[in-house]
Each structure stands twice: as structure tokens, then as C-alpha cells.
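Everything on this sheet refers to the single structure shown next.
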Amino acid sequence: MEKIRNIGIIAHIDAGKTTTTERLLFHTGKTYKIGKVDEGTAVMDWFDQEKERGITIFSAATTCFWKGHKINLIDTPGHVDFTVEVERSLRVLDGAIGIFCAVGGVQPQSETVWRQSEKYRIPRIIYVNKMDRTGADFHRVTEEIKDILHANVLIMQIPIIEKYEFKGIVDVVRRKAIFYPGENESSAEEKEIPPELKDETEYYHHLMIEKVSDIDEEVMEQYLNGQQIGMDVLKRAVRKGTIESHFFPAFCGASLKNKGTILLLDAIVDYLPSPVDRGKVRGINPLNNKEEMVSPSEKEKLSAYVFKIFNDAKVGKIFYTRIYSGKIKKGQSVYNCSTNTSERIMRVLEVHANKYREKEESFAGDIVALTGFKNTYTGDTISEKKHPLLLEQIKFPEPVIYVSVEPKIKADLEKVYANLLKITDEDPTIKLKIDEETGQVIIMGMGELHIEVIAERLKREYRLDVKLGKPEVAYRETIIGSATGEGKFIKQSGGKGHYGHVILNVEPLGRGEKFVFENLANNNDIPREFTFSMEEGIMEAMESGPLTGSPVVDVKVTVIGGSFHPVDSNEIAYKIAASMAFKDAIKKTSIVLLEPIMKVEVTMPEEFMGEVLSDLVRRNGKIEHVKTKEGIKVIEGTIPLRSVFGYATALRSLTQGRGNYIIEPLYYEVVPDDQVRKITGG
């Protein structure tokens with residue numbers, strides 16, 4: 001298990017994740033030909049829309065081998081609409097490679113994925129790609145990483161630039177230069193360091209020793225005694241510091257031109273952690289609600305985590321699973337702690353993009369695909385029934401836009417809904433609902449591209465032609481001030497009837513706190529057995545607020561009283577009474593509308609900046625920074641989502657097709673009164 005590496009590749013869109021992955025697969029012998037993203041031949045971008053759009057949509061997994069080590073590799077998307085794919089991959093990985101463009105530096109999505117990996121405390125190495133491009137600057141990018149991401153960067157390599165051309169790399173650890181005379185990376189030549197880079201190499205080598213001596217006693221001792229520090233000792237210390245996230249080793253290369261990726265493979269093996277290095281995994285035993293730890297060992301009881309579901313046309317529903325402890329076998333019965341159900345593993349599969357190789361069994365530390373589960377979903381924990389262990393679930397972001405979807409043939413409505421349900425199984429950031437007034441199917445997602453991809457999947461995979469409505473903002477409603485409400489649901493007709501009576505108080509919570517429920521009613525007034533029914537009734541009532549019918553959020557509800565009938569009281573009566581009490585209470589408060597505010601970055605040539613700035617201000621955007629990167633102007637700020645629909649066309653028009661923008665959800669904010677009147681028609 002010490003020789004397993006479970007790693008992910010994370011980056012901003014177009015930083016070269018998939019291109020780098022293709023080189024790693026080629027050099028490890030997994031593929032015999034290097035695929036190209038631009039030509040649609042990349043192995044890891046196997047999905048037809050990925051090939052056409054030239055972007056990664058689904059995180060793709062594969063397994064390869066290098067120098068006796070097994071590398072389970074996940075290539076993740078860079079587009080913000082598919083952030084769920086990054087989130088769930090990072091949840092199960094032991095290490096990651098953060099790829100940064102040598103020209104673009106730290107871009108918005110680089111920052112997002114870096115923060116996501118910090119949330120799971122994942123050790124990372126840095127790879128500055130595209131060193132062959134005009135304007136590439138390795139040191140500027142590493143400084144940006146320090147300043148913007150507050151990361152302690154450890155320089156491991158220095159690029160060799162001759163006459164503005166990227167010729168090779170200086171290995172700071174070994175103090176050797178590697179030159180690339182041709183297109184074939186394996187024909188690299190090791191030489192002495194060019195004279196003009198010797199001082200710089202010595203500086204970074206010395207800095208490396210200083211940094212690692214802070215965390216390694218052996219290096220500290222040799223350093224203080226003026227001894228020559230051995231290569232193995234230094235590498236072991238760098239590895240230790242990387243695993244403990246004291247620093248992040250930085251490497252460079254040009255993946256498209258086959259320069260630096262073999263050295264990157266060495267770095268994966270040398271510095272990123274194995275499952276053993278990551279140590280014990282923490283979980284909750286559902287039998288006693290106590291915390292337990294399991295070691296990454298096949299001799300331990302089984303503990304595995306389902307982090308992704310995919311409906312494969314040939315194989316059926318497959319469940320991507322990380323095994324933390326124990327082992328699994330084909331045909332084995334397992335227990336789903338999350339849904340409290342027993343499941344049977346029909347097949348154990350090793351994954352290579354969209355191809356699968358059957359295995360008899362798999363062990364702790366591995367990432368595999370399983371088939372045969374009936375009641376298992378993303379974020380569920382698999383264990384043994386006698387030794388259940390519930391691992392921490394992933395928290396997914398809420399969707400920010402919604403669109404009505406209608407089949408072009410009315411008879412296909414049920415098929416559309418059924419297949420959309422399959423897609424929601426795969427992607428927890430997609431939500432579905434039926435509009436009660438129109439009967440339309442409403443699909444909610446993370447952005448326009450997200451919705452477009454889903455509609456295209458219905459057409460291609462399920463042969464269903466659909467029409468999409470105009471994108472609408474997923475507004476939320478919340479309250480200002482507290483109030484008390486009362487709800488009575490009493491139906492008595494001589495026989496057994498219904499009796500539910502609830503008095504509750506509502507008060508606002510902080511933004512993003514969603515919902516808190518508390519039952520302080522006396523047990524004689526409302527027996528405790530009806531607590532869950534009341535909470536369920538309130539949550540259903542919160543799905544549609546009084547202002548626009550949008551969900552109500554950031555509210556604390558406290559049940560403070562009510563009454564009980566020994567014969568007629570039941571769960572349904574209290575569920576309805578609690579719902580009525582909640583609606584009564586929020587009518588007595590002030591209701592405000594919340595809208596998603598997006599972080600926006602617009603890039604364009606300098607001559608168009610005036611028009612673009614004016615347009616953003618007209619759209620209620622707030623400008624925070626204007627930067628210049630290699631002659632290109634970059635505007636950073638925030639903008640309400642309602643102002644962004646159709647912006648791509650407007651920006652193309654303003655910049656003669658030379659402007660680009662990226663948006664991502666930031667937070668919810670109160671909608672100004674004049675806009676509320678426009679939205680509600682009041």
C-alpha cells in the first residue's frame with residue numbers, strides 16, 4: 001500500500017490538465033499514442049460533448065504504473081459549472097497536482113479548486129505548465145501562488161530559457177540540468193547547469209535546505225554541522241513536508257511540447273502521499289453514535305466511500321468507490337450505513353476513462369468501480385453489517401439557475417422526467433421539480449453550460465428531443481424579524497379523526513445557515529413522537545415562500561406549544577398543523593428576496609476596456625480590481641446572476657469577439673426593492 005498514489009489533477013479551465021494527463025498515461029505505457037484535446041482524441045475526454053467543446057465535463061479515472069508504484073489518477077474539470085466533479089474527487093484523493101498556466105498564473109477557478117483541496121487537507125505539488133508560450137514566467141506565477149493562495153511554495157525546478165525559447169529544466173535537488181533536444185521527452189539529456197543559472201540554483205537549493213530543516217531533525221543536524229546533505233535524506237524530508245502540507249513543491253514544463261512530464265511522474269512517486277501516509281480515517285459508528293478510527297489496512301473491517309455514480313450505456317449503473325480499509329470481492333454482500341440497506345457487489349472493475357477491466361477483488365487504498373447496488377447514492381458509506389462506520393458526507397453547492405424543459409413530443413414527458421432522475425443520481429448539484437401551475441418539469445443547475453450539457457445528454461443518450469425555456473435565477477426568500485404563528489388541523493366526524501395543534505416561533509439566521517429546527521414544547525402538549533412530522537411539515541412549507549414561490553432559507557423555527565388529543569392526534573395532523581403555523585408566522589414578518597451574486601472575471605484587449613467597464617456597471621456589477629496581464633486587461637468584480645444572462649453575446653459584440661469571461665457563485669444578497677417590484681410584477 002506504500003506504493004499506491006491516489007491523485008487528482010486540478011486547475012483552471014485551459015491550464016492543460018487533460019494534455020498533461022495524456023502524457024503521463026503515454027510515459028507509463030497505459031496508452032501507446034498521445035491523445036490531443038484540440039483534435040478530440042484525448043483518452044480522458046471520452047464523452048462526445050467533451051471532444052466537441054474541448055473541455056472536461058466529467059472527472060475521469062484511470063490506473064497506471066511508474067517505477068513500481070500504482071497511480072490511481074483522476075482528471076477533473078476546470079469549468080465552474082462542473083465544480084461537483086472536483087469536490088467529490090478531492091473527497092477521496094490522497095494528493096493532488098495543481099496545474100497553473102505559465103502565462104495566466106492564478107486564475108479564478110485555480111483559486112476555487114485550491115481552496116476545495118484545502119478543505120480536505122490534501123497535500124499538493126505545483127506544476128507550472130505552458131512554459132513554451134510567449135509571456136510565460138515561472139517565477140511570476142509562483143509569486144502569485146504565494147500572494148493569492150497564501151501557499152508556502154518550495155521551488156524544485158528552474159526553467160532554462162534560451163533566446164525566449166523553453167529549452168530545459170534545472171533540477172534544484174540534484175543540481176543538474178535536463179535539456180530537451182527533440183519532441184521525444186525520453187530522449188532528454190542530462191548536463192551541467194548553464195553558468196548563468198548556477199547562482200540561482202544554489203540560492204534555491206540552500207532555501208530548500210533551510211525550509212526542510214525546520215521540520216526534519218536529521219537535515220537540521222547535518223545543516224548546522226556544515227555537512228553535505230545526502231540526496232535521499234533531502235528527498236525524504238521534502239516528502240515529509242509535502243505530506244504534512246508545510247509547503248508545496250513547484251515544478252515546471254510544457255506538456256504539449258513533451259517537456260517536463262516524466263519528471264512530474266517522478267515527483268508524484270517521490271513526494272505525494274500513499275494511503276498509509278494519510279493515516280487513519282475518522283467516522284461515526286451509527287450503533288452508538290461514537291467516533292471511531294480505521295487504519296488503511298486490508299486486515300481491518302471494511303470501510304468504503306461511494307463518491308460518484310455513472311450510468312454507462314453498456315455496463316449499467318456503476319459506483320466509483322474508494323476503499324479506505326478492508327477488502328471487497330465480487331459477489332460479496334455489504335452494508336450501506338447511509339441508507340441502512342444490504343447490497344451485493346456484482347462486479348469489481350478497474351477503470352480507464354470509459355473502459356473497464358474486471359477484477360475478482362480489491363483492497364484498502366484502491367479506487368474502483370462497483371456494480372449491482374440498488375439503494376446506494378453519492379456520498380454513501382459501505383461497510384460490514386457487524387461493524388458499521390459512517391464516513392463524512394460531501395456538502396454540495398445549491399443550484400443557482402433553473403430552466404423549464406419540455407419534450408418536443410408531449411407523450412415523451414414521463415420518459416424525460418425518468419431519465420432526468422437518472423442524471424440527478426449522477427450529479428447531486430442538479431435538482432428537479434414539477435411546476436404545480438403549469439405542470440412543466442423544472443431543472444435547476446449551476447450555470448447555463450451545465451443545463452445545456454444535460455439537455456444534449458437527453459438528446460444523444462436517451463434519444464429525447466427537448467426544448468429549454470429561458471434561464472431563470474434561483475431566488476431565495478428569507479425573513480427579517482421574529483414572529484409567532486399558530487396552526488390547527490382538526491377534522492373530527494364521530495369516528496377516528498385528525499387533531500394537530502402547533503404554536504411556533506420563527507427568527508432569522510445568518511446568511512448561509514439554511515434551517516435550524518428545535519422543539520421546546522412540553523411533552524404533555526405535544527408528545528415527542530410527533531417532532532419529526534412537525535419538522536417535515538415545516539420543511540415542505542419552506543419550499544415555497546409567499547413573495548415569489550421561491551424556497552425560504554436562513555430561518556430558525558422553534559416549536560413552543562400546542563395541544564394534543566389522545567385519540568385523534570396523528571403524524572399527518574401535526575405535519576399539516578406545523579406547515580400552517582409556519583406560513584402563519586412568516587406572514588407576520590418582513591419577507592425579503594435573495595439573489596445569487598457571482599464572482600466575475602472579464603479579460604479583453606486594452607482598447608475595449610472602457611466599453612466593457614461601462615456595460616458591467618450598467619448591469620449592476622461592482623468592480624473590485626483591474627489588472628494587466630501580458631498586455632491583456634483583466635476586470636475582477638461581482639455581478640448579480642440576473643444581469644449575466646446573454647452576457648456572452650454582448651461581450652463578443654463589445655470586443656469584436658476577443659473578450660472572455662468566467663463567473664462562479666459567491667453568495668446570496670438581498671435584492672433591491674425596485675428589482676423586487678420588477679420580478680414580482682408589484
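Model, not experiment: these values are computed from the prediction.
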**Cation over ring face, R322 and Y324, 6.0 Å, 45°** = yes

**Request:** Working to the nearest 0.5 Å, report the span between CD of E361 and CD1 of I345.
**Result:** 11.0 Å

**Distance in Å, S245 OG paired with R121 CZ, rounded so as to fall on 0.5 Å steps** = 9.5 Å

**Considering all heavy atoms, the nearest F251-I125 contact** = CE1-CB, 4.1 Å

**Item:** Exercise: identify the closest heavy-atom pair between C101 and V141
**Value:** O-CG2, 3.7 Å

**Message:** Is a donor from one side chain sitting under 3.5 angstrom from an acceptor on the other, for N72 and D366?
**Reply:** yes

**Asked** What heavy-atom pair brings P286 and L390 nearest, and what distance separates the two atoms?
**Response** CD-N, 4.2 Å

**Request:** Could you tell me whether K575 and E540 make a salt bridge, using a distance below 4.0 angstrom between a side-chain N and a carboxylate O?
**Result:** yes

**Message:** Does atom CE (M346) have a neighbourhood of more than 12 heavy atoms from anything else shown, all under 6.0 Å?
**Reply:** no

**Request:** Would you mind reporting whether I126 and W114 have side-chain heavy atoms less than 4.5 Å apart?
**Result:** yes

**Asked** Is the CG atom of D232 crowded by more than 12 outside heavy atoms at less than 6.0 Å?
**Response** no

**Request:** Can you measure from NZ (K17) to CD1 (I9) and round to the nearest 0.5 angstrom?
**Result:** 9.0 Å

**Asked** What distance separates Y320 OH from I74 CD1, expressed to the nearest 0.5 Å?
**Response** 9.0 Å

**Message:** For a quick check under 3.5 Å, do S295 and S297 share a side-chain donor-acceptor pair by atom type?
**Reply:** no

**Request:** Assess the side chains of N336 and T376: does a donor N or O sit below 3.5 Å from an acceptor N or O?
**Result:** yes

**Prompt:** With no hydrogens and no angle check, is any side-chain donor or acceptor of R124 less than 3.5 Å from a backbone partner on I122?
**Reply:** yes

**Asked** At what distance, to the nearest 0.5 angstrom, does NZ of K359 lie from CG of L370?
**Response** 10.5 Å

**Prompt:** Is the backbone of T261 close enough, under 3.5 Å, to the side chain of E185 for a donor and an acceptor to pair up by distance?
**Reply:** yes

**Prompt:** Do V106 and F100 come within less than 4.5 Å of each other through their side chains, counting heavy atoms only?
**Reply:** yes

**Message:** For a quick check under 3.5 Å, do R344 and S333 share a side-chain donor-acceptor pair by atom type?
**Reply:** yes

**For the student: nearest non-hydrogen atoms of P388 and Y335, plus distance** = CB-CE2, 4.1 Å

**Prompt:** Does any N or O in the side chain of H205 come within less than 3.5 Å of the main-chain N or O of V172, such that one atom is a donor and the other an acceptor?
**Reply:** yes

**Message:** Centroid separation under 6.0 Å, is that true for the rings of F373 and F319?
**Reply:** yes

**Prompt:** Any salt bridge between E461 and K422, counting N to O under 4.0 Å?
**Reply:** no

**Request:** Using only heavy-atom distances, determine whether the side chains of N258 and R23 contain a donor-acceptor pair under 3.5 Å.
**Result:** yes

**Prompt:** Within 45° of the six-membered ring axis of Y305 and under 6.0 Å from that ring's centre, is NZ or CZ of R91 located there?
**Reply:** yes

**Prompt:** Is a side-chain N or O of R239 found less than 3.5 angstrom from the main chain of L272, in a donor-acceptor match?
**Reply:** yes

**Request:** Would you check if the side chain of K240 reaches a backbone N or O of I215 as a donor-acceptor pair within less than 3.5 Å?
**Result:** yes

**Asked** D380 side chain to Y377 main-chain N or O, any donor-acceptor pair under 3.5 Å?
**Response** yes

**Prompt:** Do L149 and R115 touch side chain to side chain, with heavy atoms closer than 4.5 Å?
**Reply:** yes

**Message:** Using a strict threshold of under 4.0 Å (side-chain N to carboxylate O), is an ion pair present between K176 and D171?
**Reply:** no

**Request:** Report yes or no: does N285 contribute a side-chain atom to a donor-acceptor pair with the main-chain N or O of L389 at less than 3.5 Å?
**Result:** no

**Asked** Would you find a donor on one side and an acceptor on the other, under 3.5 Å apart, between the side chain of E343 and the backbone of N375?
**Response** yes

**Message:** K327: which residues meet the salt bridge (charged side-chain N to carboxylate O under 4.0 Å, His left out) condition with it, sequence neighbours left out?
**Reply:** none

**Asked** So do the side chains of E543 and M539 get within less than 4.5 Å of each other, counting heavy atoms only?
**Response** no

**Asked** Do you know the tightest heavy-atom contact between T142 and A250?
**Response** CG2-CB, 4.3 Å

**Prompt:** Does K329 offer a backbone N or O that forms a donor-acceptor pair with the side chain of Q332 under 3.5 Å?
**Reply:** yes

**Request:** Please determine which of D554, V557, L509, V553 meets the side-chain contact (heavy atoms from CB on, under 4.5 Å) test together with F515.
**Result:** V557

**Asked** Is any side-chain heavy atom of C64 closer than 4.5 Å to a side-chain heavy atom of W66?
**Response** no

**Ionic contact status for E358 with K330, cut-off 4.0 Å** = yes

**Prompt:** How about I318 and K308: do any of their side-chain heavy atoms sit closer than 4.5 Å?
**Reply:** no

**Prompt:** How many angstroms lie between CG in D270 and CZ in R236, if you round to the nearest 0.5 Å?
**Reply:** 13.5 Å

**Item:** Test: E518 and K556 ion pair at under 4.0 Å
**Value:** yes

**Exceeds 12 heavy-atom contacts within 6.0 angstrom, atom OH of Y417** = yes

**Exercise: identify the closest heavy-atom pair between M1 and P275** = O-CD, 3.6 Å

**Asked** Quick one: does E384's side chain have a donor or acceptor within less than 3.5 Å of a partner on K301's backbone?
**Response** no

**Prompt:** Are there more than 12 heavy atoms of other residues, nucleotides or ligands under 6.0 Å from atom NZ of K119?
**Reply:** yes

**Asked** Would the number of heavy atoms belonging to other residues, nucleotides or ligands and lying under 6.0 Å from CD of E292 be above 12?
**Response** yes

**Item:** Salt bridge E426-R457, side-chain N to carboxylate O under 4.0 Å
**Value:** yes

**Message:** One pair to check against side chain to side chain donor-acceptor pair (under 3.5 Å): H246 and D214. What are the steps and the verdict?
**Reply:** CA-CA 10 Å; H246 290 296; D214 289 343; over 6 Å; no

